[in-house]
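Reviewing the structure listed below.
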Amino acid sequence: MKNLEIAKLFYLMAEFVEMEKTSFISIAYNKAGRILESLERDAEEIYNKGGIKELKKIPGIGEGIARKIEEYIKTGEIKRYLELKKKCPVDLEKLTSVEGLGAKRIKFLYEELKVKNLNDLEKVAKAGKIAGLDNFGEKSEKNILQSIEIAKVDKGRFLLGKILPRARNIINELKELPETEKINIAGSARRMKETVGDIDILIVSSNPEKIMDYFVKMKGVIKIWAKGETKSSVRFRTGFDCDLRVVKKESFGSALQYFTGSKDHNIATRRIAIKKKLKLNEYGVYRNNKQIAGKNEEDIYKSIGLHYIEPELRANTGEIEASLENKLPKLIKYNNIKGEIHCHSDWSDGSATIEELAKIAKGIGYQYLVITDHASPLGIVHGLDGGRILKQMKEIDKVNKKISGIKILKGTEVDIKADGTLFIEDSVLSKLDFVIGAVHSGFKMDKENMTRRITKAMENIHVDAIAHPSGRIIKKREGYQFNFSEILKVAKKTKTALEINAHESRLDLRDVNIRQAINTGVKLVIGTDVHNINYFKMMELGIAQARRGWAEKKDVLNTLSTDNFLKYFKK
DNA sequence: GCCGTTTTCGGCCCGACTGTTTTCAGTCG
């Protein structure tokens with residue numbers, strides 16, 4: 001998948017173009033970057049199928065950008081990018097990560113002081129060479145130095161699972177202030193994106209000053225980027241930024257809509273407003289300068305002729321069109337899950353006993369819990385063999401007798417060997433309620449062989465689902481090469497479900513793949529891959545992932561009752 | 001560079017905050 005590589009080049013070209021003057025070319029390049037990032041299919045595949053013509057069918061991609069994509073696919077380079085880079089050979093990625101430095105200032109610093117990278121920048125700033133430049137002063141220089149320090153340790157985007165609890169802590173603290181009338185999370189965290197750049201919080205208050213004063217002095221704040229009447233922005237020691245906006249009651253809905261994004265979703269909604277001779281901004285929807293909506297989000301959408309769109313769908317990937325035609329999916333709800341289907345006990349590499357796990361699951365309100373310990377030759381996971389699985393089944397019978405109100409089901413997460421056969425013999429698998437197959441080794445296999453490996457496993461009648469199908473680890477590992485369309489075809493034929501692994505670092509399947517699976521008629525299960533009792537709460541992330549993939553309750557099998565869940569897999 | 005029941009040319013979402021300015025450009029989201 002070259003989409004991300006190409007997207008990056010477009011982002012860089014956008015910055016380079018921006019150096020000359022603010023131009024709509026850079027807007028188009030940036031947009032192309034975002035389109036490529038969220039594209040369901042491989043741009044190369046699209047090109048191979050229908051060339052430039054096919055690429056141009058993607059909204060936002062025209063002749064010029066399609067030609068550049070073609071160039072990259074054919075040569076691995078884009079000439080225009082090389083030319084731009086030659087003109088101003090700077091480490092754009094690093095330099096733009098310094099807060100307050102944009103394309104124009106970077107170009108200026110290169111021309112005046114030959115600043116090419118963070119090191120150069122730090123040197124000239126320390127030497128006091130920046131303060132005297134046109135449009136730069138003492139304060140700019142000081143800010144640059146501070147921002148360099150922060151940029152050095154900046155880790156970019158954060159896992160949703162890591163940032164959500166922090167955001168909730170901040171919100172709970174601000175909620176306590178007497179001046180806070182209403183508070184809500186916004187931004188990509190509200191959209192539940194798998195990674196989040198910073199935390200956005202929205203507050204209704206008639207006394208913004210007090211709120212802002214409190215906010216910038218909160219525990220852990222190491223830098224105040226900005227502090228104004230309606231907007232403040234800070235960096236916390238833990239490495240993330242938090243933006244706070246305060247609005248009046250009558251603008252809460254429009255502000256929430258606006259600050260939730262995504263950017264492309266907002267641009268699309270504003271365009272719809274303009275077509276209807278309305279104006280949409282964070283203060284409301286206006287007709288001839290008279291506010292006709294603003295207090296709540298539902299009214300914002302209604303006033304411009306749209307059905308309400310859930311935050312997880314707001315990515316401008318078809319939700320606006322679906323809303324216009326009243327064809328939005330009825331998304332799976334956060335309380336629809338009836339059982340955990342991926343759980344490791346202390347029989348393999350989990351840390352809790354079967355009984356402990358069952359009690360927690362019961363406490364959550366689940367009807368069932370499937371124990372799926374590793375069946376694997378890998379020593380590190382302490383995998384079970386056929387004999388131990390049979391023993392464990394007896395143990396589960398015992399615990400089931402002891403605990404009421406929840407049914408513990410017998411399962412395994414069985415390794416799919418390189419040739420597509422399974423680590424456990426069919427005679428044992430046939431006795432289990434639920435078998436989830438997984439690839440845990442040989443990740444580097446080529447595309448064809450990996451596809452064959454997984455499809456062969458799915459052809460085994462005892463395999464009910466495939467765990468973390470792509471094998472990716474967010475920010476660490478790409479995942480293995482395989483032909484997803486082929487996997488879907490076989491999954492559909494064999495009635496094999498695909499897992500949405502809800503672990504914060506996996507979230508595997510990706511949202512775009514979930515959508516493909518649903519469109520193909522393939523069923524899903526959501527599992528948190530429990531290894532200790534704290535994992536259960538990651539179910540929220542898995543459901544969010546499903547929602548971003550347009551999944552409805554009927555698409556996810558562990559929304560079924562115990563009986564129906566078991567019935568589905570009886571073949 | 002993209003796009004079209006406003007246009008094949010002339011638009012392109014819109015506003016807050018900062019710093020260095022005497023009215024605004026750059027940056028950010």
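Convention: sequence-line order gives letters A, B, ...; per-chain numbering from 1.
For the pair L121(A)/I130(A), a side-chain contact is recorded, criterion being any heavy-atom separation below 4.5 Å from C-beta on. Side-chain atoms of Q516(A) and L488(A), non-hydrogen and from C-beta on, do get closer than 4.5 Å to each other. Counting heavy atoms from C-beta on, the side chains of D91(A) and L118(A) never come closer than 4.5 Å. Counting heavy atoms from C-beta outward, E540(A) and L164(A) have side chains that approach closer than 4.5 Å. Taking the side chain as every heavy atom from C-beta outward, R34(A) and S262(A) never approach each other to under 4.5 Å. Contact of the L109(A) side chain with the L133(A) side chain is registered, since non-hydrogen atoms from C-beta on lie closer than 4.5 Å.
With N336(A) contributing its side chain and K333(A) its backbone, the two residues share a donor-acceptor pair below 3.5 Å. A donor-acceptor pair under 3.5 Å is absent between the side-chain atoms of D508(A) and the main chain of N501(A), judged by distance alone. Remark: side-chain polar atoms of R41(A) are not paired, donor with acceptor, to backbone N or O of I46(A) under 3.5 angstrom.
Counting non-hydrogen atoms of other residues, nucleotides and ligands closer than 6.0 Å to NZ of K193(A) gives a total of 12 or fewer.
Distance check on atom P: dT27(B) versus dT20(B) gives 13 Å, rounded to whole Å. A distance of about 24 Å separates the C1' atoms of dT5(B) and dG1(B), rounded to the whole Å. With both ends at atom C1', the span from dC9(B) to dA16(B) equals 33 Å, rounded to whole Å. For the P atom pair drawn from dG11(B) and dT7(B), the interatomic distance equals 14 Å after rounding to whole Å. For the P atoms, the distance linking dC14(B) with dT21(B) amounts to 31 Å, nearest Å. Taking the P atom of each, dT22(B) and dC17(B) are spaced 22 Å apart, rounded to whole Å. Of the P atoms belonging to dC2(B) and dT6(B), the separation is 22 Å, rounded to the nearest Å.
Checking the phosphate oxygens (OP1, OP2) of dC14(B), no side-chain nitrogen or oxygen of Y286(A) falls inside 4.0 Å. For dG15(B), one of the phosphate oxygens OP1 or OP2 lies less than 4.0 angstrom from a side-chain nitrogen or oxygen of N281(A). For dC17(B), the OP1/OP2 oxygens have no side-chain nitrogen or oxygen of S232(A) closer than 4.0 Å. The phosphate of dC17(B) has OP1 or OP2 within less than 4.0 Å of a side-chain N or O from T230(A).
In this structure, N30(A) places its CG atom 14 Å from C1' of dC13(B), rounding to the nearest Å. Put simply, CZ on R191(A) is 11 Å from C1' on dG29(B), counting in whole angstrom units. Per the geometry, OH belonging to Y29(A) stands 14 Å off P belonging to dC3(B), to the nearest Å. To the nearest angstrom, C1' of dG11(B) lies 11 Å from CD1 of I27(A). Rounded to an integer number of Å, the gap from I35(A) CD1 to dC2(B) C1' is 9 Å. In this structure, K107(A) atom NZ and dG26(B) atom P are separated by 11 Å, rounded to whole Å. For R67(A) and dG1(B), the CZ to P distance is 12 Å, given to the nearest whole Å. If you take NZ of K275(A) and P of dG4(B), they are 8 Å apart, rounded to a whole angstrom.
Residues from residues 207-228 of chain A that place a heavy atom under 4.0 Å from any atom of DNA chain B, listed by number: A226(A), K227(A), G228(A). Residues from residues 265-272 of chain A that place a heavy atom under 4.0 Å from any atom of DNA chain B, listed by number: I267(A), R270(A), R271(A). The stretch residues 124-137 of chain A touches DNA chain B through N135(A), F136(A), G137(A), each having a heavy atom within less than 4.0 Å of the strand. Non-hydrogen atoms lying under 4.0 Å from DNA chain B are contributed by P59(A), G60(A), all within residues 41-60 of chain A.
Nucleic acid contact for Y283(A): sugar-phosphate only, since backbone atoms but no base atoms lie under 4.0 Å from a heavy atom of the residue. Residue-level contact check: E141(A) touches neither bases nor backbone, having no heavy atom under 4.0 Å from any strand. Nucleic acid contact class of K263(A) (heavy atoms, under 4.0 Å, all strands): base.
Ranking dG29(B), dG15(B), dC12(B) by closeness to the D243(A) side chain, first place goes to dG29(B). When the nucleotides dC14(B), dG29(B), dG1(B) are ranked by their closest atom to the side chain of I25(A), dG1(B) comes out on top. Among dC17(B), dG15(B), dG19(B), the nucleotide with an atom closest to any side-chain atom of N143(A) is dG19(B). Comparing atom distances between the D198(A) side chain and each of dG29(B), dG1(B), dT27(B) picks out dG29(B) as nearest. Minimum atom distance to the side chain of K68(A) is reached by dG1(B), of the listed dC14(B), dG1(B), dT27(B).
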(request) Applying salt bridge (Lys or Arg N to Asp or Glu O under 4.0 Å), run through E93(A) and K8(A) and close with a yes or a no. (result) CA-CA 10 Å; E93(A) 250 178 296; K8(A) 200 167 144 189; 3.6 Å; yes

(message) Please determine whether side chain to side chain donor-acceptor pair (under 3.5 Å) holds for the pair E18(A) and S26(A), giving the CA-CA distance in whole Å, both sets of side-chain angles, and the decisive distance to 0.1 Å.
(response) CA-CA 6 Å; E18(A) 184 86 15; S26(A) 69; 2.8 Å; yes

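Using the six-membered ring where Trp is involved, F10(A) and Y29(A) have ring planes that are tilted, between 30° and 60° apart.
Defined by atom type and a distance below 3.5 Å, a donor-acceptor pair is missing between the side-chain atoms of Y214(A) and E179(A). For E37(A) and Y11(A), the side-chain atoms include at least one donor-acceptor pair closer than 3.5 Å.
Screening residues 277-291 of chain A for side chain to side chain donor-acceptor pair (under 3.5 Å) gives no qualifying pairs among residues at least two apart or on separate chains.
Taking K86(A) as the reference, nothing meets the salt bridge (Lys or Arg N to Asp or Glu O under 4.0 Å) condition, with sequence neighbours excluded.
Across all strands shown, dC12(B) forms a Watson-Crick or G-U wobble pair with dG1(B), both key distances being under 3.5 Å.
The residue among R80(A) and E99(A) whose nearest nucleotide of DNA chain B lies closer to the 5′ end is R80(A). Between E63(A) and K139(A), it is E63(A) whose nearest contact on DNA chain B lies nearer the 5' terminus.
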